[in-house]
Structures are given as C-alpha cells and as structure tokens.
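Computed from heavy atoms alone, side chains included, the values below leave out hydrogens, waters and symmetry copies. Reminder, nothing fancy here: chain letters follow the sequence lines and each chain counts from 1. All figures in this text were calculated on a predicted structure; none of them were measured in a lab.
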There are 2 protein chains.
Amino acid sequence: MHRKTPLKIIGSNAERTRLHNRKVVLGHLRSHGKLGRAELARLTGLSTQAMSNIIAELESEALILAGERQTKGRGLPAVQYTLNPAGAVALGVEVRPNAILCALVNFLGDTLYTKRIHIESSEPAVVLPTVKAACDEALSSIGKNAPPVLGAGIVMPGPFGRVGLTGAGKAELVGWDDKDPQVLFEDVLQVPVRVENDATAAAIAEQTTGSATDLQSFCFVYFGTGLGLGVISNGEILRGAFGNAGELGHVVVERGGRLCSCGNRGCLETYTSRMAASEFLQKRGKSAESQKDLSDLLAVNDPDLDEWICEAADPLAQAIGTLENLFDPEAVILGGAMPPELLERLIAQLNLIDATVSVRADRTLPRVVRGASGWMTAALGAAALIIHDTYIPSISKVA
Amino acid sequence: MHRKTPLKIIGSNAERTRLHNRKVVLGHLRSHGKLGRAELARLTGLSTQAMSNIIAELESEALILAGERQTKGRGLPAVQYTLNPAGAVALGVEVRPNAILCALVNFLGDTLYTKRIHIESSEPAVVLPTVKAACDEALSSIGKNAPPVLGAGIVMPGPFGRVGLTGAGKAELVGWDDKDPQVLFEDVLQVPVRVENDATAAAIAEQTTGSATDLQSFCFVYFGTGLGLGVISNGEILRGAFGNAGELGHVVVERGGRLCSCGNRGCLETYTSRMAASEFLQKRGKSAESQKDLSDLLAVNDPDLDEWICEAADPLAQAIGTLENLFDPEAVILGGAMPPELLERLIAQLNLIDATVSVRADRTLPRVVRGASGWMTAALGAAALIIHDTYIPSISKVA
DNA sequence: GATTTAATTCAATTGAGTTGAGTATTCAAG
DNA sequence: CTTGAATACTCAACTCAATTGAATTAAATC
C-alpha cells in the first residue's frame with residue numbers, strides 16, 4: 001500500500017490489449033446486465049469481429065453465458081450475453097486486532113459464505129495461518145468443482161506506514177510494521193492479493209452490489225471503529241500518495257472542539273462514530289459496545305440514543321458538505337458497522353448545507369443515501385475489490 | 001465539463017496501442033530528462049525493437065532530439081534522447097468577466113508569449129472572436145515556420161452547471177449557461193480544446209514546470225477571486241462527477257462563523273482569500289484590490305496586512321489538515337494570483353495540525369510549499385494541460 | 001413474397017509489438 | 001594488447017489481436 005515507488009507507466013502490446021479488452025467487455029456486461037455482440041462492439045469502439053472473438057473466449061472460460069436471442073426491431077435478433085455468476089469466485093478477508101472475518105463471493109459479488117474467527121493475537125505468525133485455514137474452508141464450502149479463484153482482498157486497519165495519526169490506537173495491529181502484507185498473504189494463499197483499507201473496500205462493494213451500481217463518482221462514509229472514507233471518482237479509487245486517503249474521522253469540524261485520541265481537538269470522529277455513540281451512552285449509564293446493543297436501543301426508541309443522533313448529525317452534515325465541495329460526487333453514501341436503521345435515522349436528521357456544488361437543479365439522486373452495513377461489510381468489500389479488478393481496466397477512458 | 005454522460009470505457013487496438021505507447025515514451029522522457037532506447041524499453045516494459053520504432057517515429061516528427069551517446073559502464077553507450085522544446089506548442093487562455101489572458105508555451109511548458117486583453121462583455125459573441133484573435137497573434141509572434149499546435153486549454157470560472165453555489169457571483173460569466181464552451185472554442189480555434197477550472201490548470205502547470213515536477217499526488221491551493229483547489233492523485237486529475245471538485249473556498253472551517261456570499265457561514269474563503277484580505281484592509285482604510293497593492297503593502301511591512309496574515313493562517317492550516325487527511329498528498333502547494341512573498345509569509349505563519357496522515361517519519365518534502373504565482377498562472381496552466389495530455393496516457397498503470 | 005435492416009461469421013489483411021540472430025562499442029581481465 | 005563479457009542497437013521473420021469486406025441468417029416492413 002505505501003506507494004513509495006513512483007508508479008510505473010508501461011506500454012501496451014497485443015497481449016495487454018487483449019487483457020484490457022476482456023476487462024472492458026466484462027465491465028460493460030456488469031453495468032448493463034445483458035448485451036449482444038454488436039452492441040458491445042459499439043460500446044467499446046471495437047469491430048464486431050473482434051467482439052466475437054473476445055466473447056467466444058470468455059464463453060469458453062465460462063465467465064459469461066449466452067442467453068436467448070432478443071428481438072429489437074428489424075434484423076437478426078442479438079444473442080444476449082450475461083456474466084456467469086458461477087464463473088469465478090473471490091475471497092475477502094478483514095483482519096482486526098481480535099478477529100478475522102472471511103467472506104467468499106461469486107462473480108457478481110454476491111455473498112456465498114461468511115465466517116468470523118476470534119484471534120488472540122494479531123501478529124503475522126497467528127494471522128497468516130488462520131486466514132489460510134479460513135480461506136480453505138470457505139472454498140471447500142462451495143463443493144468440489146469450484147470455479148477459479150480470482151484472488152483475495154485483504155482489509156487491514158489503516159493508516160499505513162508510520163504517520164502522526166497513530167492515536168486511533170486501538171485498531172492497530174502488532175508486528176506488521178515493517179512487513180508488506182500483500183507479499184505475505186500472496187505467499188500463504190497462493191492467489192493474487194490486494195490490500196486496502198476498510199472504507200475503500202466497502203465503497204467498492206457498494207459499487208459492485210450495493211446502491212452505487214451505476215455511480216461513477218461517490219464518497220462512502222464508513223462507520224468502523226473510527227470513521228473512514230472511501231472515494232471513487234470517475235470510476236477510479238482514490239488512494240492518495242501512501243494509501244491513506246480518506247481519513248475522515250480526523251477531519252476537524254469544530255475548532256477547539258472535543259479532545260480526540262489523536263491529540264487534536266474537534267475531530268469528526270469524536271462526534272460521529274460508533275466510539276462517540278458508546279461514550280455518549282456510557283455517560284448515561286447505558287452500554288452500547290456492540291452493534292447489537294445499538295440495535296436494541298434503537299428498537300425501543302431510546303431517548304438517549306436519539307439525543308446522540310441529533311448531536312452527531314450536525315458535525316456529520318458539515319463534513320458531508322466538505323466532501324461535496326472537495327470531491328463533487330454524485331452522492332454520499334453512509335454505511336459500515338452500524339445498524340441500518342440507525343444510519344437511516346442519522347440521515348433523516350441531517351441538516352445539509354445548501355451551498356455546495358452538489359446542490360444541483362438536475363439532481364435525481366438524494367445527496368445522502370444509506371449503503372450496505374453490518375459487520376461483514378469490509379470483508380465483502382475486500383472480495384468485491386477483486387471482482388472489481390477483473391472488470392475495471394487500468395485504461396483508456398474517453399468522454 | 002459537466003460529465004452527464006457516463007464515461008465511455010473503450011477497447012484497444014493496434015492504433016490506440018501505438019498512440020498510447022507514444023505518450024508513455026514522451027512521459028518518461030519528460031520526467032527523466034534524457035534516456036536511451038534500451039532504458040526506455042525497460043521502463044515501459046516494451047521490447048527494444050518496438051522502442052526503436054517508436055523513437056524513430058517521434059524523432060521524424062521532431063518531438064524528440066537525439067543527443068550524444070552516453071557511456072554508463074560496459075557496453076555500447078546509449079544514444080540519449082530528450083524532448084525537443086521546439087517540437088510543439090500549446091495555447092492557454094483564461095477567460096474572466098473583464099479580461100482575457102492568453103499564453104503560448106513550448107513543448108516543455110515554458111512560456112513563449114503572454115498577453116492580457118480587456119473585454120467589456122463576457123458574452124460568447126465577444127469572447128470567442130477576441131480569443132481567436134489573441135491566439136492568432138500569439139502564434140504569429142513565434143514566426144513563420146511554427147511547430148504544430150497541440151491544442152488550446154481554456155480556463156473558465158467554475159463551478160460548472162447550475163449549482164447551489166452561485167453566490168460567489170462576481171466571477172460568473174454571462175451567456176454561457178446553456179452552451180458547451182469546449183465545442184464553441186474548438187469551432188473557432190480549429191484545434192483540440194480542453195476546458196478546466198483555474199485551480200486544476202494551475203496544478204498541472206505546477207507539475208509540468210513548477211515545484212511538483214516529480215510529484216504524483218499533490219493538492220494545489222489556488223488563490224484566485226475566491227479559493228480553489230486542484231488535486232492530482234497518483235498522476236490523475238481529480239475532477240469529480242461534474243467537474244466541480246476542489247471547491248475549497250466554501251469548505252466550512254468555523255461553524256457559525258463569518259457570513260459568506262454563498263449564504264453559508266464560516267467558509268474558508270471568508271478568512272483566507274484575496275477577497276478576504278481586501279475586505280480586511282478596507283476596514284483599516286487601505287485599498288488592496290490588486291495584486292500590486294498587496295505587494296506594496298508587503299514591501300513596507302504593513303502591520304495591518306501582517307495582522308491579516310496571522311488571522312488567515314489558522315483557518316488555512318485547518319483546511320490543509322483536512323486536505324491531508326482526505327487526499328493523502330505528497331505535499332500541499334500554495335499558489336495563484338497572490339504575490340509570492342505574501343504566500344511565503346502565509347506559509348511561515350501556518351500552525352499545521354500535527355495529527356494527519358501526512359505527518360510521516362520519512363518525509364523529505366515540507367508539507368506545504370509555495371508554487372507558481374502571478375496573474376498568468378491559470379492561463380499558463382491551461383496551456384500546460386494540453387502539454388500534459390500528450391504525455392499522460394489514459395492508461396495502464398501498474399505498481 | 002420481396003426488400004430492408006441488423007447480427008453474425010468467414011476469410012484475408014494489417015498494424016504494432018515480439019523474437020532471435022547478428023553487429024557495434026565499451027569495459028575488464030589475462 | 002588481445003580477448004571476452006556486457007550492453008545498445010538493428011535486421012528480418014514471426015505472432016497476435018485487431019480490422020476490412022464479402023457472405024449468411026433472421027426479423028420487420030412494404
């Protein structure tokens with residue numbers, strides 16, 4: 001993740017062109033659902049003959065399925081192709097200080113399997129074999145003749161590298177400082193591995209299977225231990241120079257405000273996060289450590305929780321305004337390890353700033369929507385990342 | 001600019017591969033200065049034979065120049081190739097409500113010509129012919145056998161489209177609402193045209209010729225009429241869904257703070273911007289409408305200006321913290337239509353937040369640096385955009 | 001039923017990169 | 001000073017994945 005090495009800009013050749021075009025086709029099939037060869041050719045700017053060849057190859061690998069011919073006006077009806085859900089699978093793993101969450105998804109990003117495993121230590125020597133075993137179990141759960149495994153996405157708590165922002169503390173893992181997790185996991189799992197932070201993974205999940213399916217640009221506000229942000233801008237993941245972009249929790253919303261564990265004052269996280277909620281409720285003598293606790297309080301319309309929501313909404317609304325002005329997204333999505341109903345209430349309570357570039361006359365989407373939530377969000381997102389990679393070429397986009 | 005149409009993801013073929021590879025080669029030559037064929041082949045992952053062909057083509061078009069053979073240990077010394085400064089030129093135009101600024105740069109982005117033209121009206125009917133005439137004059141200024149014109153970059157005040165944020169008011173142009181400037185300018189100028197906002201253009205200029213030459217990710221804070229932000233992340237321009245990303249001026253830094261023309265309270269722009277400075281000084285009975293005025297006050301160490309700088313530094317520092325946490329850039333650059341010395345003083349005065357992901361043990365660059373400044377910044381940046389486009393493929397990057 | 005429209009395939013061609021052999025030039029070792 | 005290793009580069013043949021143009025199939029329209 002630490003991108004010390006300047007990114008390599010490489011040339012293309014026939015082989016890379018072929019891989020690129022495969023991804024382009026899969027990407028279009030994903031976003032359109034079903035398409036015929038001729039239409040795909042038009043969309044991609046390739047010849048129908050080239051498309052025929054690409055389709056034939058993808059079909060022979062069972063990544064896509066031929067459907068019915070579909071009549072659309074005159075001419076020979078086009079054979080409709082769709083992605084084959086069972087064409088491939090991807091693993092997703094979230095590594096936390098005290099648990100490993102493992103997920104398996106199909107080629108569409110749909111969940112096939114999930115599991116939570118408690119760990120006593122978060123050192124590599126413990127984590128790596130545990131993850132390996134979990135992945136093996138996940139794969140064996142879908143039977144003998146399993147489809148190809150595209151890879152494994154790993155979510156680890158950021159920020160990556162030694163930065164001034166280690167106060168967040170709790171979430172840190174021990175013994176990973178000088179290691180490159182990508183290499184370690186690839187070694188153990190023997191499949192391509194990608195490491196990302198939780199918020200980014202969740203954002204990708206949202207784009208693959210959630211409410212951002214047809215969004216090219218959005219911000220995903222992720223409620224984890226702290227508060228993260230995943231940004232997709234014009235289809236590209238925003239990572240920053242060192243993979244630490246999106247540290248929304250420590251954006252200052254109130255100068256000289258509440259003291260944060262990072263040493264600073266007024267961080268958004270101290271107002272709007274799971275931690276903030278449980279601290280608030282603790283002062284009222286209520287425990288809200290787990291997501292379940294929050295759900296329960298919510299179910300009984302707990303007045304203290306309601307009060308917290310009201311208090312948390314304002315700083316969040318301000319931060320959302322900042323996101324809108326800085327990223328100009330199509331929408332801001334709220335999700336993560338929070339009960340969905342709580343997110344809904346929080347959204348309902350938002351008093352959004354009406355002077356941002358996102359206040360447009362031609363808006364169709366709401367400015368803030370609720371996304372996927374729950375404990376597995378990040379792990380499923382990690383798997384979605386792998387799926388995403390097979391759809392999204394690192395390529396030529398044109399207006 | 002308004003990207004209503006979902007971006008098209010297209011396939012590749014031999015022709016596009018060739019164009020891509022040309023750009024890749026030019027890009028490497030730009031960032032390394034001089035390189036031999038073999039080394040270029042290694043950098044790009046192409047065969048030396050392919051590289052020879054590409055180099056031959058670029059040389060025949062006079063975009064690159066063969067230099068001396070350079071000895072590096074054993075073996076045949078490699079012929080070193082460099083970009084030919086005189087190989088091509090690009091136009092840059094900034095359209096303001098009352099003036100048009102026109103610039104011409106060479107293939108390296110160096111300034112060849114600049115001119116400021118006053119206009120009475122900012123309607124298309126006035127602007128377009130004026131721009132055309134200005135460009136013609138710029139081109140004729142460099143003599144008869146001019147190198148090929150790569151295109152024209154146009155900077156127009158944002159935000160684009162009808163958004164809630166029109167309070168900024170002043171800077172708006174009239175009569176452009178329902179028009180597509182890109183098409184209009186292309187029609188008149190008969191060269192490829194790109195339209196961007198001032199901050200983004202300035203950021204690109206910084207990367208092409210300024211202090212960000214070897215940065216892949218940075219934020220450029222642009223002092224224009226208001227306060228803009230250009231973001232380059234891993235070599236890509238961040239535009240947002242509708243081309244309005246980077247509206248830094250209206251990020252709220254103080255809840256319930258000063259009333260802004262946008263109707264909101266506490267916008268950064270009301271504290272830290274040219275407008276804010278001149279309002280502050282006006283209250284002290286001093287005029288600081290122009291950049292010259294500010295320079296003069298600065299020269300005499302005006303205590304009121306110093307006071308403003310102190311007052312402006314805090315909100316800016318907070319905003320920079322936000323940028324660091326959200327974008328994780330290698331550095332934040334301050335530039336634009338402000339006297340360079342004033343920017344220096346402002347930077348010196350910054351009390352940066354020390355809990356952001358940008359506080360790294362291994363930092364080499366300062367967190368905030370001064371970039372290009374002056375009135376022509378945006379126009380030169382617009383031209384740099386065109387140069388940039390010939391170097392940066394919309395392509396395959398790999399770690 | 002004849003004609004137009006559109007999807008698709010077949011066969012030949014093309015464009016750009018790759019491969020492998022061979023040449024030139026420099027450094028280093030004997 | 002000769003010889004051999006290392007490196008840059010070229011030549012010629014080849015390969016891959018695209019394009020082009022003609023032919024085929026099936027539906028909609030006249």
- Message: List the residues meeting ring-ring contact (aromatic ring centres under 6.0 Å, His included) with A/Tyr391, not counting sequence neighbours, and say none if there are none.
- Response: A/Phe107
- Any pair with a residue in residues 30-77 of chain B that passes ring pair (Phe, Tyr, Trp, His ring centres under 6.0 Å), sequence neighbours left out, goes on the list, sorted by first then second residue, please.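 As it turns out, the ring pair (Phe, Tyr, Trp, His ring centres under 6.0 Å) pairs with a partner in residues 30-77 of chain B, which skip direct neighbours, are B/His28-B/His32.
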- Applied to residues 59-93 of chain A, the ring pair (Phe, Tyr, Trp, His ring centres under 6.0 Å) test, sequence neighbours excluded, yields none
- Query: From the 5' end of DNA chain D to its 3' end, which nucleotides mark the outer limits of contact with chain B, defined by a 4.0 Å heavy-atom distance cut-off (strictly under)?
  - Reply: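 Range of nucleotides within reach of chain B: D/dA5 to D/dT19.
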- Message: According to salt bridge (charged side-chain N to carboxylate O under 4.0 Å, His left out), who are the partners of B/Glu186, at least two apart in sequence or on a separate chain?
- Response: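 Expected list: none.
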- Message: B/Arg18: which residues meet the salt bridge (charged side-chain N to carboxylate O under 4.0 Å, His left out) condition with it, sequence neighbours left out?
- Response: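 Per chain and number, B/Arg18 pairs via salt bridge (charged side-chain N to carboxylate O under 4.0 Å, His left out) with B/Glu15, B/Glu57.
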- Message: Across nucleotides 18-30 of chain C, 5' to 3', mark each nucleotide with B, S or - according to how protein heavy atoms within less than 4.0 Å reach it.
- Response: BB----BBBBS--
- Task: Could you tell me which residues satisfy side chain to side chain contact (heavy atoms under 4.5 Å, CB included) with A/Ala245, sequence neighbours excluded, listed by chain and number?
- Result: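 Checked A/Ala245 against side chain to side chain contact (heavy atoms under 4.5 Å, CB included); matches are A/Leu238, B/Asp328.
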- Query: Is there a side-chain contact between B/Glu330 and B/Gln216 (heavy atoms, below 4.5 Å)?
  - Reply: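 Yes; the side chains approach each other to less than 4.5 Å.
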- Select base, sugar-phosphate, or nothing to describe what A/Arg22 touches, counting heavy atoms under 4.0 Å on all strands. nothing
- Query: Using a cut-off of 4.0 Å on non-hydrogen atoms, how would the nucleic acid contact of B/Glu39 be classed: base, sugar-phosphate, or nothing?
  - Reply: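 No contact.
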- Nearest-Å distance, CD (A/Gln70) to P (C/dA6)?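 Computing the A/Gln70:CD to C/dA6:P distance gives 16 Å.
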- Any salt bridge (Lys or Arg N to Asp or Glu O under 4.0 Å) pairs touching residues 62-80 of chain B, not counting sequence neighbours? B/Glu39-B/Lys72
- Message: Counting only side-chain nitrogens and oxygens, does A/Arg37 get under 4.0 Å of the OP1 or OP2 atom of C/dA7?
- Response: no
- Note on the structure: By nearest-heavy-atom nucleotide on DNA chain D, the more 5' of B/Arg42 and A/Asn21 is B/Arg42
